[in-house]
Visitor: 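Take this structure first; my questions come after.
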Amino acid sequence: MKVHGSCIPKPQQLIPMSPFGVQKERMQPDDIYVLSGDGSIISSPKPKPYPHKPPKCSGCAPLFMKTTAVLVRHHGIYVWGDSWISAKTQAECYHYLFDAAIKLHHLGLDWSTPDHGPIQNVKGFSSINSMIKRVATKAGTVDSNFKLQPYPRCVVLDIEGTTTPISFLTDVHFPYARDNVGRHLSATYNSAETQDDIKLLRSQVEDDLKQGVLGAVPIPSEDAGKEEVIASLVANVEAMIKADRKITALKQLQGHIWRTGFENNELEGVVFDDVPEALEKWHALGIKVYIYSSGSRLAQRLIFGNTNYGDLRKYLSGFFDTAVGYKRETRSYVEITESLGVDKPSDILFVTDVYQEATAAKAAGLEVVISIRSGNGPLPENHGFKTINSFLEI
């Protein structure tokens, strides 16, 4: 099949070209060379400090300039698989792929098949927008102007109101822990784990009493007897839960109570319907996903290991809790950045439903989007953050 000459895409006036020796997944916008239509360099990257080597344009640029015209003039553009760019030119020129795909679409040809036959009405790929997005799947996402937006290297997710409905936590998860404090402590009182929990609670309550925290009551010594000690612990824990305190002593005990609930099939974690698909997609793309929650790491693993969609922990690379700091403090996100070992904080995308957390993460240099879910609290007007209603929008 021949393509009429008048339909042949014209060469772009500006051609982005990758530098020599820079890994594709680490490439940044300021690493790119810009060439004119005749192959001359219009702009080049600024040199980076030692130990980085001086920038050098891909040695395949001249070959690219010669081969693009030949490839465009023939019907077999091969835009459905970008191996011809990698193998023949080793050049990054995504905008050319998009233009070629668009032109094939205008001609009524299917860009996604090797023989480029007539377009079929395939569910999910009937619009030009979805077609272009499919071309970019392995490189990033495409915005409304068909510009490539690279994927983050890491995604850090909040739980409450982000991956999981607030109603599950307020109506099921937290009440289970509150209602089973006494039963759990009585059943496990002599275990080393529970004795450690009690020791941590004693220390917290002592500080609370000194500071006059509402609801704090003294915990008697062991000599007073098991039942009296447990009664005072229950009273303190209930007050902590009512005040929604984000403290390690409470979160550690709650994690152990929830573990019993999951083991006895009395609890099942809940995630939004879009979460499993997004986690699977990010995992396939090599994007590492982490959870950051006020709940203990044990509690996080329990929720994602026992969800309404099965065990999702295979898609997660790690868990952060208040051991790295409180979620509304910038220092916490600095600590996470250092722990993940990324080149710069903006390599991390943080997703939360809480404005104060978003502000703290942004101050640390992270990319941030706010999750809008049913039941979430209102946001300030003109908050300045990008919002999403589904992870599939990321």
Side-chain angles (χ1 to χ4, degrees), residues 151-174 176-177 180 184 193 197 246 248 250-325 327 332-333 335-342 347-354 357 361 366-367 369 371 373 388 390-394:
Y151 286 118
R153 288 186 60 194
C154 301
V155 176
V156 177
L157 302 172
D158 171 47
I159 295 180
E160 185 175 358
T162 301
T163 66
T164 300
I166 289 178
S167 59
F168 165 74
L169 296 166
T170 58
D171 299 343
V172 178
H173 207 228
F174 293 137
Y176 182 90
N180 287 278
H184 174 81
E193 181 179 81
D197 291 344
K246 314 294 186 182
T248 303
L250 173 63
K251 298 303 179 181
Q252 179 172 299
L253 175 62
Q254 285 178 318
H256 295 150
I257 296 173
W258 286 323
R259 181 182 61 199
T260 301
F262 282 110
E263 289 175 347
N264 294 338
N265 295 318
E266 297 172 342
L267 285 174
E268 180 184 63
V270 176
V271 296
F272 290 109
D273 294 339
D274 55 277
V275 172
E277 182 178 348
L279 292 179
E280 184 177 10
K281 181 184 77 171
W282 294 335
H283 185 266
L285 291 168
I287 300 171
K288 294 186 179 297
V289 182
Y290 300 84
I291 303 298
Y292 179 30
S293 172
S294 299
S296 68
R297 288 179 293 177
L298 171 60
Q300 297 173 37
R301 289 193 293 268
L302 288 169
I303 289 177
F304 288 97
N306 302 273
T307 79
N308 49 327
Y309 283 91
D311 190 346
L312 300 178
R313 291 175 298 178
K314 59 187 175 183
Y315 302 126
L316 303 175
S317 297
F319 303 86
F320 294 99
D321 58 14
T322 52
V324 300
K327 297 181 69 181
S332 304
Y333 300 92
E335 182 67 27
I336 288 175
T337 300
E338 293 175 352
S339 298
L340 297 185
V342 293
D347 286 338
I348 303 172
L349 174 65
F350 177 56
V351 188
T352 181
D353 66 309
V354 179
E357 295 175 5
L366 280 67
E367 294 292 325
V369 296
S371 173
R373 303 283 195 177
I388 58 169
S390 164
F391 282 4
L392 302 182
E393 298 173 28
I394 298 177

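Only a predicted model underlies this, so the values are computations on that prediction, with no experimental measurement involved.
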Visitor: May I have the step-by-step check of side chain to side chain contact (heavy atoms under 4.5 Å, CB included) for I348 and V342, ending in yes or no?
Guide: CA-CA 8 Å; I348 303 172; V342 293; 4.0 Å; yes
Visitor: Among D353, D321, D158, whose salt bridge (Lys or Arg N to Asp or Glu O under 4.0 Å) with K327 holds?
Guide: D158
Visitor: Using the six-membered ring wherever Trp is involved, compare the ring planes of F304 and F319 and label them parallel, tilted or perpendicular (cut-offs 30° and 60°).
Guide: tilted
Visitor: Does the distance from a Lys or Arg side-chain N to an Asp or Glu carboxylate O, for E193 and R259, drop under 4.0 Å?
Guide: yes
Visitor: If I take atom CZ from residue R373 and atom OG from residue S390, how far apart are they, to the nearest 0.5 angstrom?
Guide: 6.0 Å
Visitor: Does K288 come within less than 4.0 Å of D347, counting only side-chain N to carboxylate O?
Guide: no
Visitor: So, do T163 and L279 sit near enough that their side-chain heavy atoms are less than 4.5 Å apart?
Guide: no
Visitor: Report yes if the side chains of I388 and V351 come closer than 4.5 Å at any heavy-atom pair, otherwise no.
Guide: yes
Visitor: Which distance, rounded to the nearest 0.5 Å, do you find between the CD1 of I166 and the CD1 of I159?
Guide: 12.5 Å
Visitor: Would you confirm whether Q300, through its side chain, and F320, through its main-chain N or O, come within 3.5 Å as a donor-acceptor pair?
Guide: yes
Visitor: Quick one: does any side-chain atom of S371 pair with a main-chain N or O of G161 as donor and acceptor, under 3.5 Å?
Guide: yes
Visitor: Look only at the side chain of T307 and the backbone of G310, and say whether a donor-acceptor pair between them is shorter than 3.5 Å.
Guide: yes
Visitor: Of all heavy-atom pairs between A361 and F350, which one has the smallest distance, and what is that distance?
Guide: CB-CD2, 3.6 Å
Visitor: Restricting to non-hydrogen atoms, name the atom on F391 and the atom on A278 that form the minimum distance, rounded to 0.1 Å.
Guide: CB-CB, 3.4 Å
Visitor: Locate the shortest heavy-atom distance separating K281 from I394; write the atom from each residue and the value.
Guide: NZ-O, 3.4 Å
Visitor: Kindly state whether the ring of Y292 and the ring of Y333 have centres lying under 6.0 angstrom apart.
Guide: yes
Visitor: I'd like to check N306 versus E268 (side-chain heavy atoms, cut-off strictly below 4.5 Å). Are they in contact?
Guide: no
Visitor: Quick one: are V271 and Y309 in side-chain contact, heavy atoms under 4.5 Å?
Guide: yes
Visitor: To the nearest 0.5 Å, what is the distance between OG1 (T162) and CD (E357)?
Guide: 7.5 Å
Visitor: Nearest heavy-atom pair of V155 and L157: which atoms, and what distance?
Guide: CG1-CD2, 3.5 Å
Visitor: Looking at every non-hydrogen atom in both residues, tell me the closest pair between A177 and W258 and how far apart they are.
Guide: CB-NE1, 3.5 Å
Visitor: Rounded at 0.5 Å granularity, tell me how far NE2 in H283 sits from CG in L285.
Guide: 10.5 Å
Visitor: To the nearest 0.5 angstrom, please state how far the CG atom of L302 sits from the CZ atom of R313.
Guide: 8.0 Å
Visitor: Looking at CD of Q252 and CD1 of I257, how far apart are the two atoms once the value is rounded to the nearest 0.5 Å?
Guide: 11.0 Å
Visitor: Do L253 and H184 have side-chain heavy atoms sitting under 4.5 Å apart?
Guide: yes
Visitor: Quick check with a 6.0 Å cut-off and a 45 degree axis cone: is R153 positioned over the face of Y290's six-membered ring?
Guide: no
Visitor: Tell me whether the count of non-hydrogen atoms from other residues, nucleotides or ligands lying under 6.0 Å of CD in E263 goes above 12.
Guide: yes
Visitor: Please find the pair of heavy atoms, one from S296 and one from G255, that lie closest to each other, and give the distance.
Guide: OG-CA, 4.0 Å
Visitor: Measuring only between side-chain heavy atoms, which start at C-beta, is L316 closer than 4.5 Å to I291?
Guide: yes
